[in-house]
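Written out below as C-alpha coordinates is the structure these notes cover.
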Amino acid sequence: MLSKIAQNITPSATCELEGVVSDMKAAGVDVIGLNAGEPDFDTPENIRDACKKALDEGKTRYINVPGIPALRKAICEKLKRDNGVEYTPAQICVSTGAKQALNNAIMAVVNAGDEVIIPMPGWVSYVEIVKLVGAVPVCVDTKEDFQLDLDAIEKAITPKTAAIMINTPNNPTGAVYTRESLEKLAELAIKHDFYIVSDEVYEKLIYNGKKHECVASFSEGAYNHTVIINGMSKAFAMTGWRCGYTAAPADIAAGISAIQGHTTSNSTTFVQWASLEALEKNDGTIREMVGEYAKRKDYTYGRLTGMEGISCANVDGAFYLLPDVSYYFGKKYDGKEIKDSFDFCSYILEKAHVAIVPGGAFNAPNCVRIAYTNSMPKIQEGLDRLEKALKELD
(Lines give C-alpha, C1' and ligand atoms only; values in the text may rest on other atoms or scores of the structure.)
Protein backbone atom coordinates (compact mmCIF):
# COMPACT_ATOMS: atom_id res chain seq x y z
CA MET A 1 0.00 0.00 0.00
CA LEU A 2 1.00 3.60 -0.54
CA SER A 3 2.32 5.47 2.47
CA LYS A 4 0.01 7.93 4.23
CA ILE A 5 2.16 10.76 2.89
CA ALA A 6 1.72 9.60 -0.71
CA GLN A 7 -2.02 9.07 -0.21
CA ASN A 8 -2.35 12.57 1.24
CA ILE A 9 -0.70 14.37 -1.69
CA THR A 10 -2.67 15.86 -4.56
CA PRO A 11 -0.85 15.68 -7.91
CA SER A 12 0.22 19.01 -9.40
CA ALA A 13 -2.53 20.25 -11.73
CA THR A 14 -0.07 22.37 -13.70
CA CYS A 15 2.38 19.49 -14.21
CA GLU A 16 -0.41 17.11 -15.19
CA LEU A 17 -1.76 19.60 -17.75
CA GLU A 18 1.71 20.04 -19.24
CA GLY A 19 1.81 16.26 -19.71
CA VAL A 20 -1.57 16.23 -21.47
CA VAL A 21 -0.52 19.07 -23.76
CA SER A 22 2.77 17.32 -24.60
CA ASP A 23 0.89 14.13 -25.49
CA MET A 24 -1.54 16.05 -27.72
CA LYS A 25 1.28 17.82 -29.53
CA ALA A 26 3.10 14.52 -30.00
CA ALA A 27 -0.08 13.18 -31.61
CA GLY A 28 -0.06 16.06 -34.09
CA VAL A 29 -2.69 18.30 -32.46
CA ASP A 30 -2.01 22.02 -32.90
CA VAL A 31 -2.29 23.10 -29.26
CA ILE A 32 -1.54 26.69 -28.26
CA GLY A 33 -0.15 26.74 -24.76
CA LEU A 34 -1.27 29.62 -22.54
CA ASN A 35 -0.67 27.47 -19.49
CA ALA A 36 3.10 27.22 -19.02
CA GLY A 37 4.68 28.99 -16.07
CA GLU A 38 7.98 29.41 -17.88
CA PRO A 39 9.49 31.97 -20.24
CA ASP A 40 9.29 31.11 -23.94
CA PHE A 41 12.64 32.83 -24.50
CA ASP A 42 15.81 30.82 -24.99
CA THR A 43 18.37 30.89 -22.20
CA PRO A 44 20.78 33.71 -23.17
CA GLU A 45 23.77 32.57 -25.19
CA ASN A 46 26.43 33.74 -22.74
CA ILE A 47 24.83 31.63 -19.99
CA ARG A 48 24.80 28.58 -22.24
CA ASP A 49 28.43 29.22 -23.17
CA ALA A 50 29.40 29.46 -19.50
CA CYS A 51 27.86 26.03 -18.93
CA LYS A 52 29.72 24.55 -21.90
CA LYS A 53 32.96 26.06 -20.62
CA ALA A 54 32.39 24.56 -17.17
CA LEU A 55 31.79 21.15 -18.76
CA ASP A 56 34.94 21.44 -20.88
CA GLU A 57 36.93 22.37 -17.77
CA GLY A 58 35.73 19.23 -15.99
CA LYS A 59 33.47 20.98 -13.48
CA THR A 60 31.29 17.89 -13.19
CA ARG A 61 32.16 16.52 -9.76
CA TYR A 62 30.63 16.70 -6.29
CA ILE A 63 30.97 20.04 -4.55
CA ASN A 64 29.95 21.40 -1.15
CA VAL A 65 26.25 20.84 -0.52
CA PRO A 66 25.27 24.55 -0.33
CA GLY A 67 27.04 25.42 -3.60
CA ILE A 68 30.23 26.77 -5.09
CA PRO A 69 31.65 29.73 -3.10
CA ALA A 70 31.66 32.05 -6.14
CA LEU A 71 27.92 31.60 -6.74
CA ARG A 72 26.98 31.99 -3.09
CA LYS A 73 29.05 35.18 -2.96
CA ALA A 74 27.33 36.47 -6.12
CA ILE A 75 23.92 35.72 -4.58
CA CYS A 76 24.89 37.73 -1.50
CA GLU A 77 25.96 40.64 -3.72
CA LYS A 78 22.69 40.41 -5.64
CA LEU A 79 20.63 40.44 -2.43
CA LYS A 80 22.48 43.49 -1.13
CA ARG A 81 22.31 45.34 -4.47
CA ASP A 82 18.73 44.53 -5.44
CA ASN A 83 17.00 43.91 -2.14
CA GLY A 84 18.94 45.92 0.46
CA VAL A 85 19.61 42.94 2.69
CA GLU A 86 22.98 41.48 3.74
CA TYR A 87 23.88 37.81 4.02
CA THR A 88 27.13 35.89 4.16
CA PRO A 89 27.83 32.96 1.80
CA ALA A 90 27.33 30.62 4.76
CA GLN A 91 23.68 31.73 4.87
CA ILE A 92 23.03 30.71 1.26
CA CYS A 93 22.10 27.23 0.05
CA VAL A 94 21.91 26.60 -3.70
CA SER A 95 19.28 23.97 -4.52
CA THR A 96 17.88 22.01 -7.44
CA GLY A 97 15.33 24.66 -8.34
CA ALA A 98 13.30 27.01 -6.16
CA LYS A 99 10.82 24.19 -5.49
CA GLN A 100 13.49 22.24 -3.60
CA ALA A 101 14.46 25.45 -1.81
CA LEU A 102 10.85 25.82 -0.64
CA ASN A 103 10.74 22.23 0.57
CA ASN A 104 14.05 22.69 2.39
CA ALA A 105 12.81 25.84 4.09
CA ILE A 106 9.56 24.30 5.31
CA MET A 107 11.38 21.20 6.56
CA ALA A 108 13.78 23.46 8.45
CA VAL A 109 11.23 25.60 10.31
CA VAL A 110 8.01 23.52 10.54
CA ASN A 111 7.23 20.43 12.64
CA ALA A 112 4.51 17.83 12.19
CA GLY A 113 1.27 19.20 13.63
CA ASP A 114 2.30 22.83 13.16
CA GLU A 115 0.19 25.21 11.09
CA VAL A 116 1.36 27.17 8.04
CA ILE A 117 -0.71 30.07 6.71
CA ILE A 118 -1.01 30.30 2.91
CA PRO A 119 -2.68 33.32 1.23
CA MET A 120 -5.06 32.25 -1.54
CA PRO A 121 -5.23 32.14 -4.51
CA GLY A 122 -1.81 30.55 -4.33
CA TRP A 123 0.56 28.29 -6.20
CA VAL A 124 -0.54 24.66 -6.34
CA SER A 125 2.52 23.25 -4.55
CA TYR A 126 2.43 25.31 -1.35
CA VAL A 127 -0.34 23.30 0.30
CA GLU A 128 1.30 20.00 -0.68
CA ILE A 129 4.74 21.08 0.55
CA VAL A 130 3.22 21.80 3.95
CA LYS A 131 1.42 18.45 3.98
CA LEU A 132 4.67 16.62 3.17
CA VAL A 133 6.09 17.49 6.61
CA GLY A 134 2.88 16.49 8.40
CA ALA A 135 1.87 20.08 9.06
CA VAL A 136 -1.52 21.71 8.49
CA PRO A 137 -2.02 24.25 5.68
CA VAL A 138 -4.27 27.12 6.76
CA CYS A 139 -5.58 28.82 3.62
CA VAL A 140 -6.57 32.48 4.00
CA ASP A 141 -8.24 34.46 1.23
CA THR A 142 -6.59 37.60 -0.08
CA LYS A 143 -8.53 40.81 -0.71
CA GLU A 144 -10.55 41.37 -3.86
CA ASP A 145 -7.50 42.96 -5.54
CA PHE A 146 -5.40 39.93 -4.48
CA GLN A 147 -3.43 41.94 -1.90
CA LEU A 148 -2.79 40.40 1.52
CA ASP A 149 -5.71 40.58 3.95
CA LEU A 150 -3.80 41.28 7.17
CA ASP A 151 -6.92 41.14 9.35
CA ALA A 152 -7.75 37.66 8.05
CA ILE A 153 -4.15 36.55 8.50
CA GLU A 154 -4.06 37.81 12.07
CA LYS A 155 -7.28 35.96 12.88
CA ALA A 156 -5.76 32.75 11.48
CA ILE A 157 -2.72 32.89 13.79
CA THR A 158 -2.74 30.35 16.64
CA PRO A 159 -0.10 29.03 19.06
CA LYS A 160 0.57 26.32 16.43
CA THR A 161 1.43 28.80 13.66
CA ALA A 162 5.01 28.12 12.58
CA ALA A 163 5.17 30.01 9.28
CA ILE A 164 3.41 31.81 6.47
CA MET A 165 4.30 31.19 2.83
CA ILE A 166 4.05 34.25 0.59
CA ASN A 167 4.80 34.78 -3.09
CA THR A 168 5.34 38.27 -4.48
CA PRO A 169 4.96 38.91 -7.37
CA ASN A 170 2.34 36.22 -7.14
CA ASN A 171 1.51 33.07 -9.05
CA PRO A 172 -1.32 32.83 -10.13
CA THR A 173 -2.70 36.33 -9.50
CA GLY A 174 0.16 38.57 -10.69
CA ALA A 175 -0.25 40.72 -7.58
CA VAL A 176 2.77 42.60 -6.19
CA TYR A 177 2.38 42.96 -2.43
CA THR A 178 2.69 46.50 -1.10
CA ARG A 179 5.40 47.57 1.34
CA GLU A 180 2.74 48.59 3.85
CA SER A 181 1.16 45.13 3.87
CA LEU A 182 4.52 43.37 4.15
CA GLU A 183 5.60 45.63 7.00
CA LYS A 184 2.42 44.72 8.89
CA LEU A 185 3.04 41.04 8.14
CA ALA A 186 6.57 41.34 9.52
CA GLU A 187 5.18 42.90 12.70
CA LEU A 188 2.84 39.93 13.11
CA ALA A 189 5.68 37.46 12.52
CA ILE A 190 7.82 39.14 15.17
CA LYS A 191 4.96 39.46 17.66
CA HIS A 192 3.81 35.85 17.30
CA ASP A 193 7.27 34.41 16.52
CA PHE A 194 6.65 32.62 13.24
CA TYR A 195 8.65 32.56 10.00
CA ILE A 196 7.86 34.24 6.69
CA VAL A 197 8.91 31.94 3.85
CA SER A 198 9.09 34.51 1.06
CA ASP A 199 9.07 33.15 -2.49
CA GLU A 200 10.52 35.95 -4.63
CA VAL A 201 11.25 34.02 -7.82
CA TYR A 202 9.21 36.46 -9.95
CA GLU A 203 10.79 39.59 -8.46
CA LYS A 204 12.22 40.86 -11.77
CA LEU A 205 8.92 40.53 -13.64
CA ILE A 206 7.19 43.75 -12.59
CA TYR A 207 5.27 46.33 -14.64
CA ASN A 208 3.50 49.70 -14.33
CA GLY A 209 6.34 51.27 -12.33
CA LYS A 210 5.74 49.06 -9.30
CA LYS A 211 8.57 47.90 -7.03
CA HIS A 212 9.34 44.53 -5.46
CA GLU A 213 9.75 44.76 -1.68
CA CYS A 214 11.90 42.25 0.19
CA VAL A 215 10.39 41.72 3.62
CA ALA A 216 13.72 40.65 5.16
CA SER A 217 15.13 44.14 4.51
CA PHE A 218 12.69 46.01 6.76
CA SER A 219 14.26 45.46 10.17
CA GLU A 220 16.45 43.14 12.21
CA GLY A 221 13.34 41.41 13.51
CA ALA A 222 11.98 40.89 9.99
CA TYR A 223 15.38 39.57 8.87
CA ASN A 224 15.49 37.04 11.69
CA HIS A 225 11.99 35.79 10.89
CA THR A 226 12.35 35.46 7.10
CA VAL A 227 13.63 32.79 4.72
CA ILE A 228 14.04 34.14 1.18
CA ILE A 229 13.43 31.80 -1.76
CA ASN A 230 14.63 32.70 -5.24
CA GLY A 231 16.12 31.16 -8.36
CA MET A 232 17.28 31.50 -11.93
CA SER A 233 14.26 30.04 -13.75
CA LYS A 234 11.98 33.02 -14.39
CA ALA A 235 14.34 36.00 -14.68
CA PHE A 236 16.95 34.28 -16.84
CA ALA A 237 14.76 31.82 -18.80
CA MET A 238 16.48 28.90 -17.07
CA THR A 239 13.53 26.74 -16.00
CA GLY A 240 15.02 23.41 -17.05
CA TRP A 241 18.40 24.17 -15.52
CA ARG A 242 16.94 23.73 -12.02
CA CYS A 243 18.83 26.21 -9.88
CA GLY A 244 17.27 27.96 -6.89
CA TYR A 245 18.46 29.13 -3.51
CA THR A 246 17.56 30.08 0.04
CA ALA A 247 18.90 32.97 2.12
CA ALA A 248 18.19 32.60 5.82
CA PRO A 249 19.36 33.35 9.36
CA ALA A 250 22.55 31.39 10.12
CA ASP A 251 20.97 28.62 12.21
CA ILE A 252 18.18 28.04 9.69
CA ALA A 253 20.68 28.07 6.82
CA ALA A 254 22.74 25.38 8.54
CA GLY A 255 19.61 23.26 8.96
CA ILE A 256 18.67 23.71 5.31
CA SER A 257 22.15 22.61 4.20
CA ALA A 258 21.98 19.55 6.46
CA ILE A 259 18.57 18.57 5.05
CA GLN A 260 19.77 18.94 1.48
CA GLY A 261 22.84 16.88 2.28
CA HIS A 262 20.55 13.90 2.77
CA THR A 263 18.36 14.48 -0.30
CA THR A 264 20.14 15.70 -3.43
CA SER A 265 23.48 16.88 -1.99
CA ASN A 266 24.74 19.71 -4.24
CA SER A 267 22.69 20.95 -7.17
CA THR A 268 24.25 20.32 -10.59
CA THR A 269 27.81 21.60 -10.54
CA PHE A 270 28.18 23.01 -14.06
CA VAL A 271 24.74 24.66 -13.86
CA GLN A 272 26.01 26.66 -10.90
CA TRP A 273 28.75 28.16 -13.07
CA ALA A 274 26.11 29.10 -15.65
CA SER A 275 24.04 30.68 -12.87
CA LEU A 276 27.04 32.72 -11.75
CA GLU A 277 27.32 34.09 -15.29
CA ALA A 278 23.62 34.95 -15.26
CA LEU A 279 23.77 36.88 -12.00
CA GLU A 280 26.86 38.82 -13.00
CA LYS A 281 26.10 39.71 -16.63
CA ASN A 282 22.44 39.42 -17.62
CA ASP A 283 20.51 42.37 -16.22
CA GLY A 284 20.10 43.63 -19.80
CA THR A 285 18.39 40.49 -21.03
CA ILE A 286 15.98 40.68 -18.09
CA ARG A 287 14.93 44.18 -19.10
CA GLU A 288 14.33 43.05 -22.69
CA MET A 289 12.12 40.16 -21.55
CA VAL A 290 10.15 42.33 -19.13
CA GLY A 291 9.48 44.86 -21.91
CA GLU A 292 8.07 42.12 -24.13
CA TYR A 293 5.98 40.64 -21.29
CA ALA A 294 4.49 44.06 -20.58
CA LYS A 295 3.26 44.32 -24.19
CA ARG A 296 1.80 40.81 -24.05
CA LYS A 297 0.10 41.48 -20.71
CA ASP A 298 -1.59 44.64 -21.95
CA TYR A 299 -2.79 42.91 -25.11
CA THR A 300 -4.06 39.82 -23.26
CA TYR A 301 -5.81 41.93 -20.62
CA GLY A 302 -7.49 44.04 -23.30
CA ARG A 303 -8.71 41.00 -25.21
CA LEU A 304 -10.01 39.16 -22.15
CA THR A 305 -11.93 42.12 -20.75
CA GLY A 306 -13.47 42.63 -24.19
CA MET A 307 -15.01 39.15 -24.15
CA GLU A 308 -18.59 38.72 -22.99
CA GLY A 309 -18.94 37.86 -19.30
CA ILE A 310 -15.23 37.91 -18.43
CA SER A 311 -13.78 40.21 -15.77
CA CYS A 312 -10.08 40.45 -14.97
CA ALA A 313 -7.76 42.45 -12.73
CA ASN A 314 -4.93 44.26 -14.54
CA VAL A 315 -2.14 43.31 -12.14
CA ASP A 316 1.50 44.31 -11.90
CA GLY A 317 3.80 41.28 -11.89
CA ALA A 318 4.76 37.73 -12.90
CA PHE A 319 3.38 36.59 -16.28
CA TYR A 320 -0.18 35.53 -15.44
CA LEU A 321 -3.69 36.89 -15.55
CA LEU A 322 -6.52 35.33 -13.53
CA PRO A 323 -9.82 36.18 -15.25
CA ASP A 324 -13.18 35.29 -13.71
CA VAL A 325 -15.05 33.02 -16.13
CA SER A 326 -17.92 31.97 -13.86
CA TYR A 327 -20.37 33.62 -16.26
CA TYR A 328 -19.97 30.49 -18.39
CA PHE A 329 -20.68 27.99 -15.61
CA GLY A 330 -23.99 26.28 -16.37
CA LYS A 331 -23.62 26.70 -20.11
CA LYS A 332 -23.49 23.60 -22.30
CA TYR A 333 -21.74 22.06 -25.31
CA ASP A 334 -22.58 18.75 -26.95
CA GLY A 335 -25.01 18.12 -24.12
CA LYS A 336 -22.32 18.54 -21.43
CA GLU A 337 -22.61 21.21 -18.75
CA ILE A 338 -19.67 23.38 -17.69
CA LYS A 339 -19.92 23.16 -13.92
CA ASP A 340 -16.58 24.65 -12.81
CA SER A 341 -13.17 25.93 -13.90
CA PHE A 342 -11.93 22.39 -14.60
CA ASP A 343 -14.82 21.76 -17.01
CA PHE A 344 -14.24 25.17 -18.58
CA CYS A 345 -10.57 24.44 -19.29
CA SER A 346 -11.36 20.95 -20.58
CA TYR A 347 -13.85 22.46 -23.02
CA ILE A 348 -11.38 25.10 -24.25
CA LEU A 349 -8.68 22.47 -24.72
CA GLU A 350 -11.02 20.07 -26.51
CA LYS A 351 -12.85 22.63 -28.64
CA ALA A 352 -10.24 25.33 -29.28
CA HIS A 353 -7.01 23.40 -28.66
CA VAL A 354 -5.90 26.12 -26.23
CA ALA A 355 -4.36 25.10 -22.91
CA ILE A 356 -5.17 27.20 -19.83
CA VAL A 357 -5.14 26.21 -16.14
CA PRO A 358 -8.24 25.81 -13.92
CA GLY A 359 -8.39 28.38 -11.15
CA GLY A 360 -9.74 25.66 -8.87
CA ALA A 361 -6.19 24.32 -8.66
CA PHE A 362 -5.16 27.60 -6.99
CA ASN A 363 -8.19 28.00 -4.70
CA ALA A 364 -9.70 30.44 -7.21
CA PRO A 365 -12.73 28.37 -8.28
CA ASN A 366 -14.36 31.03 -10.47
CA CYS A 367 -11.20 31.76 -12.44
CA VAL A 368 -8.68 30.36 -14.92
CA ARG A 369 -4.99 31.16 -15.13
CA ILE A 370 -3.72 32.42 -18.46
CA ALA A 371 0.03 32.75 -18.98
CA TYR A 372 1.33 35.20 -21.58
CA THR A 373 4.48 33.11 -21.99
CA ASN A 374 4.02 32.48 -25.68
CA SER A 375 4.85 34.60 -28.70
CA MET A 376 2.50 37.49 -29.51
CA PRO A 377 1.20 35.78 -32.70
CA LYS A 378 0.44 32.61 -30.70
CA ILE A 379 -1.25 34.63 -27.96
CA GLN A 380 -3.37 36.44 -30.55
CA GLU A 381 -4.40 33.17 -32.20
CA GLY A 382 -5.03 31.49 -28.86
CA LEU A 383 -7.32 34.29 -27.71
CA ASP A 384 -9.11 34.26 -31.08
CA ARG A 385 -9.77 30.54 -30.63
CA LEU A 386 -10.87 31.07 -27.02
CA GLU A 387 -13.33 33.81 -27.95
CA LYS A 388 -14.77 31.74 -30.80
CA ALA A 389 -15.25 28.72 -28.51
CA LEU A 390 -17.07 30.84 -25.92
CA LYS A 391 -19.51 32.10 -28.53
CA GLU A 392 -20.43 28.52 -29.40
CA LEU A 393 -21.66 27.67 -25.89
CA ASP A 394 -25.39 27.33 -25.30
Side-chain angles (χ1 to χ4, degrees), residues 7-25 27 29-37 118-128 131 137-146 152 170-175 300-301 303-313 315 320-372 379 381-394:
Q7 292 179 51
N8 196 35
I9 292 299
T10 302
S12 168
T14 52
C15 290
E16 287 196 328
L17 179 58
E18 286 168 9
V20 171
V21 171
S22 294
D23 289 345
M24 290 178 70
K25 288 181 176 179
V29 181
D30 177 23
V31 178
I32 293 179
L34 300 180
N35 61 301
I118 306 173
M120 287 294 171
W123 184 43
V124 295
S125 290
Y126 291 143
V127 167
E128 308 307 318
K131 286 159 62 177
V138 179
C139 297
V140 176
D141 288 339
T142 53
K143 294 181 177 179
E144 199 168 309
D145 60 357
F146 301 129
N170 185 265
N171 174 12
T173 69
T300 305
Y301 171 76
R303 285 294 306 276
L304 289 171
T305 53
M307 295 181 193
E308 182 181 359
I310 292 182
S311 60
C312 184
V315 288
Y320 310 107
L321 289 169
L322 197 71
D324 186 318
V325 297
S326 58
Y327 171 85
Y328 292 94
F329 297 173
K331 293 185 179 293
K332 296 181 179 180
Y333 68 100
D334 297 335
K336 303 176 194 174
E337 181 182 352
I338 294 177
K339 297 177 181 178
D340 54 27
S341 64
F342 292 92
D343 288 346
F344 182 93
C345 291
S346 293
Y347 167 69
I348 296 301
L349 184 59
E350 177 185 327
K351 185 72 175 180
H353 295 162
V354 176
I356 55 179
V357 186
F362 307 98
N363 275 34
N366 290 335
C367 301
V368 296
R369 191 190 76 177
I370 293 180
Y372 40 95
I379 292 172
E381 184 180 350
L383 293 173
D384 287 345
R385 291 185 189 183
L386 171 64
E387 187 168 23
K388 184 175 183 292
L390 295 180
K391 290 178 179 178
E392 294 179 15
L393 288 168
D394 298 329

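Throughout, numbering of the chain's residues begins at 1 and tracks the sequence.
- Separating the CG atom in Leu321 from the CD1 atom in Ile310 is a distance of 11.0 Å, to the nearest 0.5 Å.
- Counting only distance, with no hydrogens or angles, the side chain of Asp334 and the backbone of Lys336 share no donor-acceptor pair below 3.5 Å.
- For the residue pair Met307 and Leu383, the shortest heavy atom distance occurs at CE-O, 3.6 Å.
- Going from atom SG of Cys312 over to atom CG of Asp324 covers 9.5 Å, rounded to the nearest 0.5 Å.
- Counting non-hydrogen atoms of other residues, nucleotides and ligands closer than 6.0 Å to CD of Gln7 gives a total above 12.
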Exercise for review: Could you go through the side-chain contact (heavy atoms from CB on, under 4.5 Å) check for Thr173 and Val315 one step at a time?
Suggested key: CA-CA 7 Å; Thr173 69; Val315 288; 5.5 Å; no
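- Using modelled atom types, no side-chain atom of Arg369 and backbone atom of Tyr320 make a donor-acceptor pair closer than 3.5 Å.
- Side-chain contact between Asp340 and Pro358: absent, with no pair of heavy atoms (C-beta onward) separated by less than 4.5 Å.
- Scanning both residues, Pro121 and Leu322, for their nearest heavy atoms gives CG-CD2, 4.0 Å.
- Rounding to the nearest 0.5 Å places CZ of Arg303 at 8.5 Å from CG of Leu386.
- Counting all heavy atoms, side chain and backbone alike, Gly359 lies closest to Ser341 at N-OG, 3.5 Å.
- A donor-acceptor pair is defined here as one N or O able to donate and one able to accept, closer than 3.5 Å; no such pair exists between the side chain of Glu128 and the backbone of Ile9.
- Atoms CG and OH, on Asp343 and Tyr328 in that order, are 16.0 Å from each other to the nearest 0.5 Å.
- Using modelled atom types, no side-chain atom of Tyr126 and backbone atom of Pro137 make a donor-acceptor pair closer than 3.5 Å.
- Atom-to-atom distance recorded for Trp123:CH2 and Ser12:OG is 7.5 Å, nearest 0.5 angstrom.
- Evaluated for a side chain to side chain contact (heavy atoms under 4.5 Å, CB included) with Asn35, the options Ile356, Leu349, Val357 yield exactly one hit, Val357.
- Between the side chain of Thr142 and the backbone N or O of Pro119, no donor-acceptor pair lies under 3.5 Å.
- Two residues are said to be in side-chain contact when any heavy atoms from C-beta on lie closer than 4.5 Å; Glu16 and Val124 fail this criterion.
- Ring orientation note: the planes of Phe344 and Phe329 are nearly perpendicular, at an angle over 60° on the 30°/60° scale.
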**Study point:** Derivation and outcome, side-chain contact (heavy atoms from CB on, under 4.5 Å), residues Asn171 and Phe362
**Key:** CA-CA 9 Å; Asn171 174 12; Phe362 307 98; 4.1 Å; yes
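- With rounding to the nearest 0.5 angstrom, the CD1 atom of Ile338 is 4.5 Å from the CG atom of Leu393.
- Looking at Glu392 and Tyr333, their side chains never bring a donor and an acceptor atom within 3.5 Å of each other.
- Shortest non-hydrogen contact noted between Asp30 and His353 is O-CB, 3.4 Å.
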